[in-house]
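Note sheet for the following structure.
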Amino acid sequence: MTAFLEVSNLTRQFGGLTAVRDLSFTVTQQEILGIIGPNGAGKTTAVNLMSGVIRPTAGTVMFAGQVITGQSPHRLVRSGLVRTFQSTTVFTDRTVYENALRGAFLSVYPGALHTFFGTARARRMRRETEQRIDELLEWLGLTDVAHLTAGNLPYGYQKTLGLVIALASRPRLIMLDEPVAGLSAEEADQVRETILRVRDSGITVVVIDHNMRFIKGLCDRVLVIHQGHELAIGKPLDVLANPAVIEAYLGRGHAAAHR
Ligand SMILES: Nc1ncnc2c1ncn2[C@@H]1O[C@H](COP(=O)(O)OP(=O)(O)OP(=O)(O)O)[C@@H](O)[C@H]1O
Ligand SMILES: [Mg+2]
């Protein structure tokens with residue numbers, strides 16, 4: 001199968017520290033690729049490099065046949081690549097609906113909202129966007145809480161709202177940084193089901209998490225990063241049974257591999 005996302009020899013140094021070192025892997029269309037590894041392994045840095053948040057020291061990233069290395073996050077969102085952050089990106093003092101609308105508009109018209117809203121074309125696009133948001137909220141089960149302040153909702157809903165914000169820009173690939181961190185087992189199961197539905201709708205997913213039950217139940221393949229470099233890649237059960245992977249976790253006093 002051809003690669004939808006292709007990472008080649010990706011490297012990022014921070015001063016003397018090499019956070020990501022010569023990392024190469026591919027993701028095929030509609031695949032769910034998990035990225036795991038001990039704290040500080042370089043997972044978030046890898047996603048930051050692929051989503052344009054920071055530039056690589058070396059290496060290239062290709063998405064849908066185009067070289068995208070070093071492009072800004074806004075440009076990548078317009079190409080269909082969007083990511084969520086490890087901490088929630090929800091505006092806690094705004095409603096669920098307002099948060100979702102922001103996801104749709106800020107990605108398309110960064111910084112130009114005031115001039116944009118005046119025109120007839122803008123009003124039509126706003127109507128279309130509002131319809132899209134209504135559908136998304138319905139799809140992910142947030143319709144009943146759409147007009148509640150986001151910060152007052154249980155954390156599971158806020159994480160789902162983070163997904164809605166990402167999906168509002170009509171991505172073809174989403175990268176999720178720890179979408180179930182801090183959630184109960186039941187909430188994590190719900191988020192897993194939601195992500196599976198997102199994939200079934202045609203979207204490719206790259207997901208970082210420390211929750212191995214979640215990763216096992218969700219991912220087609222798992223990439224293990226250790227000290228910035230690929231330690232293993234393959235089917236979840238194979239990777240989690242790999243002695244080098246268990247060693248990497250235990251070596252850091254990390255019990256996640258056995259959860
Ligand atoms: N902007 C930065 N400046 C300097 N060092 C950084 C920066 N961002 C990350 N690092 C360092 O790079 C290494 C990898 O960090 P990263 O956040 O990618 O790890 P991670 O695998 O996401 O860990 P966690 O599971 O704890 O989220 C760490 O040693 C971290 O301190
Ligand atoms: Mg991280």
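Worth knowing before you read on, the calculation uses all heavy atoms, side chains too, and leaves out hydrogens, waters and symmetry mates. We count ligands from 1, going down the list as the structure has it; atoms in each ligand are counted the same way.
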Residues passing the side-chain hydrogen bond (donor to acceptor under 3.5 Å, both in side chains) test with E230, sequence neighbours excluded, are none

*ligand 1 and G40, any nitrogen or oxygen pair closer than 3.5 angstrom?*
yes

- Quick one: do E128 and R124 make a salt bridge, cutoff under 4.0 Å? yes

Looking only at heavy atoms, the pair that brings I225 and A46 closest together is CD1-CB, 4.3 Å

Taking the basic N atoms (NZ, or NE/NH1/NH2) and the acidic carboxylate oxygens, is any pair closer than 4.0 Å for R213 and D189?
yes

The atoms of ligand 1 lying under 4.0 Å from a heavy atom of T44, numbered in the order shown, are 17 (O), 18 (O), 20 (P), 22 (O), 27 (O)

_Do V207 and L33 make a side-chain contact, defined as non-hydrogen atoms from C-beta onward lying under 4.5 Å apart?_
no

With heavy atoms and a 4.0 Å threshold, my read on which part of L17 contacts ligand 1 is side chain

Among P38, A19, A46, closest by heavy atom to atom 12 (O) of ligand 1 is A19

Any nitrogen or oxygen of G42, main chain or side chain, under 3.5 Å from a nitrogen or oxygen of ligand 1?
yes

Quick note, salt bridge (Lys or Arg N to Asp or Glu O under 4.0 Å) partners involving residues 30-40, not counting sequence neighbours, are E31-R221

| Crowded around Y157 OH? As in, over 12 foreign heavy atoms under 6.0 Å? | no

> Does T44 put an N, O or S atom under 2.8 Å from the Mg ion (ligand 2)?
Replying inline: yes

Looking only at non-hydrogen atoms, the one of T18, T45, V20 nearest atom 16 (P) of ligand 1 is T45

Q) For ligand 1, is there an N or O atom under 3.5 Å from any N or O atom of A41? A) yes

Under 4.0 Å from one or more heavy atoms of E178, ligand 1 contributes atoms 25 (O), 27 (O)

